[in-house]
Amino acid sequence: MGVIQIELFTTLDFVAQSPGSPDEDPVGFPFGGWQAPLLDEVSGAQVMKAYEGTDALLLGRRTYDIFAAYWPHQEGGEDNEIATLFNRIPKYVASRGRPDLSWKGSTKLGPDLATAVREVRDRHENVKVVGSLNLVQTLLREKLFDRIDLWVHPIVLGVGKKVFDGGAVPTNVTLLEPPVANPKGTVYLRYGLADGTPATGDMSTPDRGV
């Protein structure tokens with residue numbers, strides 16, 4: 001059985017909507033493309049490293065449509081490395097509609113999403129979820145993820161769809177490696193799903209030194 005890894009670019013207030021372009025999700029959101037001014041060579045190298053070993057993509061319908069319109073045309077260009085990867089590996093799409101699956105290697109998931117996702121995880125070693133905030137809420141709710149990678153950027157937007165936007169349930173996670181910050185202040189956090197649910201305590205108990 002493989003692992004499902006959620007990869008999200010987020011602001012300090014956990015807005016993850018439309019980081020790459022004003023055209024990603026323009027309706028009612030004035031900050032599309034907020035990530036672009038914060039990118040540098042360090043963060044670019046970190047992102048590329050994060051995709052090492054990826055052998056499948058799991059995407060929501062909107063993210064899939066954006067990727068399918070862009071990545072098939074980028075091989076040989078500035079983004080050749082990631083374009084070659086995305087074009088080569090299977091793409092699984094969560095959608096209630098009828099997406100255009102002309103991007104080579106694309107498959108629509110069945111109506112029982114939880115079962116379909118588990119089958120994808122059984123079939124691959126390293127399944128990456130990118131963007132796809134509606135899908136992410138389902139994965140969080142069902143605890144159908146093994147790792148969540150957050151790129152936390154040093155801005156606050158105050159509006160927009162958030163990482164934990166209706167899908168979060170009480171869940172323990174564990175930090176898998178020390179956080180990494182780039183020169184512009186973006187912090188890379190890598191967490192793994194852990195057993196159980198969050199515990200509670202009393203700060204006034206003697207063993208807390210209070």
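When a residue number appears, it is its place in the shown sequence, counting from 1.
- The only option from T171, L144, I148 that meets the side chain to side chain contact (heavy atoms under 4.5 Å, CB included) definition with L193 turns out to be T171.
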Test side-chain hydrogen bond (donor to acceptor under 3.5 Å, both in side chains) on Y191 and T174 and set out the steps. CA-CA 5 Å; Y191 292 100; T174 184; over 6 Å; no
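- At distances below 3.5 Å, at least one donor-acceptor pair connects side-chain atoms of E24 with backbone N or O atoms of S21.
- The backbone N or O of T10 lies less than 3.5 Å from no partner atom in the side chain of K162, so there is not a single donor-acceptor pair.
- Using modelled atom types and a 3.5 Å distance limit, the side chains of N87 and W103 yield a donor-acceptor pair.
- For the pair K128 and Y51, the cation-pi test (distance below 6.0 Å, angle within 45°) is passed.
- Here the closest heavy-atom approach between residue L140 and residue V169 is recorded as O-CG2, 3.7 Å.
- Nearest heavy-atom pair, K91 versus Y64, reported as atom, atom and distance to 0.1 Å: CB-CE1, 4.3 Å.
- Between R121 and D146, at least one side-chain nitrogen of the basic residue sits less than 4.0 Å from a carboxylate oxygen of the acidic one, meeting the salt-bridge criterion.
- Put simply, the side chain of V3 does not reach to within 4.5 Å of the side chain of V127, judged on heavy atoms.
- Here the shortest heavy-atom pairing between S95 and K108 reads O-CE, 3.1 Å.
- Residues V136 and L8 have side chains in contact (heavy-atom distance under 4.5 Å, counting atoms from C-beta outward).
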Would F67 and V130 count as a side chain to side chain contact (heavy atoms under 4.5 Å, CB included) here? Give the steps. CA-CA 10 Å; F67 278 22; V130 187; 3.8 Å; yes
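- Nearest heavy atoms, T63 versus G131: OG1-C, 4.0 Å.
- Here the side chain of Q137 pairs a donor or acceptor atom with the backbone of L133 at under 3.5 angstrom.
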Determine, stepwise, if the pair W151 / L189 fulfils side chain to side chain contact (heavy atoms under 4.5 Å, CB included). CA-CA 6 Å; W151 306 80; L189 299 167; over 6 Å; no
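- In terms of modelled atom types and a separation under 3.5 Å, the side chain of D79 and the main chain of I82 share no donor-acceptor contact.
- A side-chain donor from one of R190 and Y188 sits under 3.5 Å from a side-chain acceptor of the other.
- For the pair V93/T107, no side-chain contact is recorded, criterion being any heavy-atom separation below 4.5 Å from C-beta on.
- Of the possible polar contacts, none joining the K184 side chain to the P154 backbone as a donor-acceptor pair under 3.5 Å is found.
- Formation of a donor-acceptor pair under 3.5 Å by the S18 side chain with backbone atoms of G32 is not found in this model.
- Without hydrogens or angle criteria, T186 side chain to N182 main chain gives no donor-acceptor distance under 3.5 Å.
- Among all heavy-atom pairs drawn from P30 and V159, the shortest one is CD-CG2, 4.2 Å.
- Summarising the local packing, CG of D122 is surrounded by more than 12 heavy atoms from other residues, nucleotides or ligands at distances under 6.0 Å.
- In terms of heavy atoms, T197 sits closest to P170 at CG2-O, 3.6 Å.
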Full working for side chain to side chain contact (heavy atoms under 4.5 Å, CB included) between L150 and V163: CA-CA 9 Å; L150 298 176; V163 174; 4.2 Å; yes
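- Remark: side-chain polar atoms of N134 are not paired, donor with acceptor, to backbone N or O of G60 under 3.5 angstrom.
- Sparse packing is recorded around NZ of K49, with 12 or fewer heavy atoms of other residues, nucleotides or ligands lying under 6.0 Å away.
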Can you list the steps and then say if H124 with Y92 is a ring-ring contact (aromatic ring centres under 6.0 Å, His included)? CA-CA 12 Å; H124 297 280; Y92 297 95; 5.4 Å; yes
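- Sparse packing is recorded around NZ of K104, with 12 or fewer heavy atoms of other residues, nucleotides or ligands lying under 6.0 Å away.
- For N126 and Q5, the side-chain atoms include at least one donor-acceptor pair closer than 3.5 Å.
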Could you walk me through whether I89 and T54 pass the side chain to side chain contact (heavy atoms under 4.5 Å, CB included) test, one step at a time? CA-CA 8 Å; I89 62 179; T54 298; 3.9 Å; yes
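- No donor-acceptor pair closer than 3.5 Å links the side chain of D149 to the backbone N or O of E7.
- Not one N or O on the side chain of D13 forms a donor-acceptor pair closer than 3.5 Å with the backbone of V156.
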